[in-house]
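Since the structure comes first, as structure tokens, the remarks are kept for the end.
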Amino acid sequence: MSGVPARRRAGSRTAEPAPADAFVALLERRGRFLTAEPLFPRRDAPGGAPSRRGGAARVVVSPASSRDGGARASAGDIALVQRSTRASAARVIRTIGRPDVARDAIEALMLDRHLSRAFPEAVEREAREAARRAAGSDEGRRDLRGLATFTIDPITAKDFDDAISAEALEGGAARVWVHIADVAAHVAEESLLDREARRRATSVYVPGAVEPMLPHALSSDACSLRAGLERRAVTVELELEGPEVVRTAFYRSLIRSDESLDYDRVDRIFAGQESATEPWGEPLRVARATAAELERKREQRGALEIDSVEPEVAFDEQGNVSEIRARVQTESHRLIEHLMIAANEAVAGLLAQRSVPCLYRVHERPAPESVARLADQLASLGVATPPLPEPMSSTQATELLGVISRMVEQHVRRTGFGRQALGSLVLRALKQAYYSPRNLGHAGLRSTSYCHFTSPIRRYPDVVCHRALLSAVGHGERAPEAGGLVELGAWTSEREREAMTIERDADDIASCFALERLLFERGHDQQFAGEVGGLISAGAFVSFGPEDPGEDLPQAPPFRGMLPVRSLGRLAQAAARSARGARGEQNGRRDWWELNEQGTILSGERTGATLRLGDEVEVRVARVEALRGRVDLTPAG
């Protein structure tokens, strides 16, 4: 729902792009032969069971030779392998690492999911040339280098898309400048760079690495709004009275960021634990006050309120996970989010008003039946919801979903439980956002016109909107051709969904490696405090962490695992002893667990024991399969 990127992580390996027919394999010694077997299960395998990716089976690896360009590898290596003309033979293109090293496993996943992990040399060359000549002239740019400017990003960020300036005006008004990297000035339409960026459509951020949309020479150098360096930007200037934008201006600019702030540092400043310095201290104060006004307006107009939690992973020099913690949204995140949303709305409003073709970020209204089901699910868990009209229109459904999301957030804050489970229920009631040349509004933000404009280094739709805006305000770019935008919107939406899947799977792998390390250090009989985040008829998905995190884990890490229904006998026995003094099994028979119609409660038929979304459970780890990102759990006790 946010208008800002949630992740910006550093790290990318340089090598030639992988051939399309290559696959990732684990090398094993079978007699006198070195063999290769696909490392990852195919994603469409039923139940996630291992299967041969693309029909590939175990093959014999040919010895490396300079003639065929093969790479040397040993048994136990993860390697990128290409099948030869003989179906049962293959050659190693590249060794990736070892399966017991987290960074290597994540790199292997990215290659397995057909990420290039490198740019063609012609594209790299064009990027270097674009960076050297700093494409485009400064003529016609507004010189804002004397304006106090700052960025706020994760501490690991390398690609800085956006920077902020702000000043207080008379009568309590404020002026905010949102500066966005001028990628269009460096990436000419239909150039090799542009075609490659369009093909990738988005950067993919995983723990410790990134598959960038643009080469390093641009993404983390020439385009990146790094502190102390002159950079070309496209500026959205907003004048606000309270939360209302009363005047806007859009233009190309030349800026110089005074400070690269990170979220943790800004939160310390807001908490009074650290001092802000000039020249950016006062602009930060004004930006904070403005974002607070925008947040109140957003709440009043019924926008959804759903906080996200993401894992933050650190690696040691050997590529092992050294730390993992849950990263939640704080005031510093929300400051940037609200200012970026305001800029995106301003750009989309202008393009809609002038009928300039672009890609809007569309989030359609929820279906009334989805909202009714959500209310029914929450009621089954004892969470208060507003009364629903019958019949319910799509407009009413949108308004009610905003109200429900805020009531859920209040419930979570009051009780301290169910954040993930209840938030997931709200998200499932929504339709998925996508890119389209049709301006259908953004229901989640309650915005009539919305686009993605503020992250052109990492999202191609933002580049499209930059070109559209610059054409609309007379800065020399050509407006996008309307005829190709339907297909482009579908393509970029598909690539976004694929990127999210890869990022989620990589997070799971990193989490499993961190869990294995924790179990090694503290013992495999470690007991964990968990919360039920999801239910299916086969069991419960549980988020868990150490009951006593200790200094090395200041925040409980976001481990996730599956508690299969066959292991719930202990829970049933405990419930039965508590309720009736009886055992959890009657006449030697196992209890039968059923999922209710709402999908929110598993109930034991004989014992009456229940397991509900949001329930606290004590668990132990039965098995970790790191390369599959899978954890099996058993009840503790």
Side-chain angles (χ1 to χ4, degrees), residues 3-5 8 10 126-167 175-188 191 193-194 197 203 210 212-238 249-262 266 279-280 283-284 287 336 339-340 343-344 347 452-460 462-463 465-467 469-470 473 475-477:
V4 298
R8 300 176 189 174
E126 190 172 286
R128 291 192 296 269
E129 177 59 29
R132 276 195 299 270
R133 69 173 181 265
S137 146
D138 291 341
E139 184 179 349
R141 288 185 182 274
R142 193 170 300 187
D143 189 347
L144 300 180
R145 288 174 293 180
L147 191 63
T149 301
F150 59 88
T151 61
I152 305 177
D153 293 273
I155 197 168
T156 55
K158 299 294 183 183
D159 50 343
F160 301 101
D161 288 282
D162 53 89
I164 299 295
S165 303
E167 68 175 5
R175 181 177 290 116
V176 174
W177 293 262
V178 177
H179 313 288
I180 307 300
D182 193 353
V183 171
H186 297 80
V187 180
S191 63
L193 268 171
D194 185 51
S203 295
V210 59
M213 187 181 78
L214 296 171
H216 162 77
L218 295 179
S219 62
S220 53
D221 191 2
C223 290
S224 188
L225 306 183
R226 295 158 59 194
L229 300 174
E230 292 183 3
R231 286 292 183 260
R232 289 165 175 79
V234 179
T235 293
V236 178
E237 185 178 328
L238 306 171
F250 311 89
Y251 45 83
R252 273 182 155 146
S253 60
L254 191 64
I255 71 165
R256 183 190 295 110
S257 174
D258 295 285
E259 190 77 11
S260 292
L261 301 170
D262 62 79
V266 173
W280 51 267
L284 176 62
I336 292 297
L339 296 182
M340 295 304 111
N344 286 334
V347 171
H452 276 169
F453 174 82
T454 53
S455 296
I457 291 177
R458 73 179 190 97
R459 291 188 304 224
Y460 194 76
D462 299 55
V463 179
C465 289
H466 271 241
R467 290 172 178 155
L469 175 69
L470 293 169
V473 296
H475 274 281
E477 297 291 334

Practice prompt. Check whether the side chains of Ser257 and Thr149 place a donor and an acceptor atom closer than 3.5 Å, and report yes or no.
Written response: no

Item to complete: Taking atom CG of Leu229 as the centre, report whether more than 12 heavy atoms of other residues, nucleotides or ligands fall under 6.0 Å from it.
Response: yes

Discussion item. Using modelled atom types and a 3.5 Å cut-off, is there a donor and acceptor pairing between side-chain atoms of His466 and backbone atoms of Phe453?
Written reply: yes

Response to the item:
One should read off an interatomic distance between Tyr251 OH and Thr235 OG1, to the nearest 0.5 angstrom, of 5.0 Å

Worksheet item: Any idea which heavy atoms bring Leu214 and Ala197 closest together, and the distance?
Response: CD2-CB, 3.9 Å

Worksheet entry | Criterion salt bridge (charged side-chain N to carboxylate O under 4.0 Å, His left out) on Asp221 and Arg231, from CA distance to verdict | CA-CA 10 Å; Asp221 191 2; Arg231 286 292 183 260; 3.6 Å; yes

Worksheet item: Taking the side chain as C-beta and beyond, is there a heavy-atom pair between Ile457 and Leu218 under 4.5 Å?
Response: no

Discussion item. What I'd like to find out is whether the side chain of Ile180 reaches to under 4.5 Å of the side chain of Ser455, using heavy atoms alone.
Written reply: no

Worksheet item: Considering only heavy atoms from C-beta outward, does the side chain of Asn344 approach that of Thr454 to under 4.5 Å?
Response: yes

Item to complete: For Thr151 and Ile164, run side chain to side chain contact (heavy atoms under 4.5 Å, CB included): C-alpha distance rounded to whole Å, both residues' side-chain angles, the deciding distance at 0.1 Å, then the answer.
Response: CA-CA 6 Å; Thr151 61; Ile164 299 295; over 6 Å; no

Response to the item:
Output for pair (Ile152 CD1, Leu284 CG), nearest 0.5 Å, gives 5.5 Å

Worksheet item: Given Ser191 and Glu126, is the side chain to side chain contact (heavy atoms under 4.5 Å, CB included) satisfied, shown in steps?
Response: CA-CA 9 Å; Ser191 63; Glu126 190 172 286; 3.2 Å; yes

Worksheet item: Tell me, do His179 and Ser165 make a side-chain contact under 4.5 Å, heavy atoms counted?
Response: yes

Worksheet entry | Rounded distance [0.5 Å steps], CD in Glu129 versus NE2 in His186 | 11.5 Å

Worksheet item: If you look at every heavy atom in Ser260 and Ala227, which pair is closest and at what distance?
Response: OG-CB, 3.4 Å

Worksheet item: Minimum heavy-atom separation for Pro212 to Ser219, with atom names?
Response: CB-OG, 4.4 Å

Item to complete: Mind listing the closest non-hydrogen atom pair of Cys223 and Ala181 along with its distance?
Response: O-CB, 3.2 Å

Discussion item. Could you go through Arg145 and Ile255, starting from their C-alpha distance and side-chain angles, then the distance that decides it, and tell me whether this counts as side chain to side chain contact (heavy atoms under 4.5 Å, CB included)?
Written reply: CA-CA 4 Å; Arg145 288 174 293 180; Ile255 71 165; 5.7 Å; no

Item to complete: Could you tell me the separation between the CG atom of Asp159 and the OG atom of Ser203, rounded to the nearest 0.5 Å?
Response: 6.5 Å

Discussion item. Before you tell me yes or no, could you show the steps for Arg467 and Asp194 under salt bridge (charged side-chain N to carboxylate O under 4.0 Å, His left out), namely the whole-Å CA-CA distance, both residues' side-chain angles and the distance that decides it to 0.1 Å?
Written reply: CA-CA 12 Å; Arg467 290 172 178 155; Asp194 185 51; 3.0 Å; yes

Worksheet entry | Any side-chain heavy-atom pair of Val234 and Ser253 under 4.5 Å | no

Discussion item. Any non-hydrogen side-chain atom of Met340 less than 4.5 Å from a side-chain atom of Val178?
Written reply: yes

Discussion item. Distance check, rounded to the nearest 0.5 Å: Arg459 atom CZ versus Cys465 atom SG?
Written reply: 9.5 Å

Discussion item. The criterion is side-chain hydrogen bond (donor to acceptor under 3.5 Å, both in side chains); which residues satisfy it with Glu259, sequence neighbours excluded?
Written reply: Arg265

Worksheet item: Do Val187 and Val463 come close enough that some side-chain heavy atom pair is under 4.5 Å?
Response: no

Worksheet item: If every non-hydrogen atom of Ser224 is compared with every non-hydrogen atom of Phe160, which pair is closest and at what distance?
Response: OG-N, 2.8 Å

Worksheet item: Considering all heavy atoms of both residues, which atom of Pro279 and which atom of Ala148 are nearest to each other, and what is their separation?
Response: O-CB, 3.3 Å

Worksheet, complete the sentence: Rounding to 0.5 Å, atoms NE2 (His475) and CZ (Phe250) come to a distance of 11.0 Å

Worksheet item: Should Ile336 and Asp162 be marked as a side chain to side chain contact (heavy atoms under 4.5 Å, CB included) after you check the CA-CA gap, both sets of side-chain angles, and the distance that decides it?
Response: CA-CA 9 Å; Ile336 292 297; Asp162 53 89; 4.2 Å; yes

Worksheet item: Knowing that exactly one of Arg142, Arg232, Arg252 qualifies, which makes a salt bridge (Lys or Arg N to Asp or Glu O under 4.0 Å) with Asp182?
Response: Arg252

Worksheet entry | Check: Leu470 main-chain N/O paired with Glu477 side-chain donor or acceptor under 3.5 Å | no

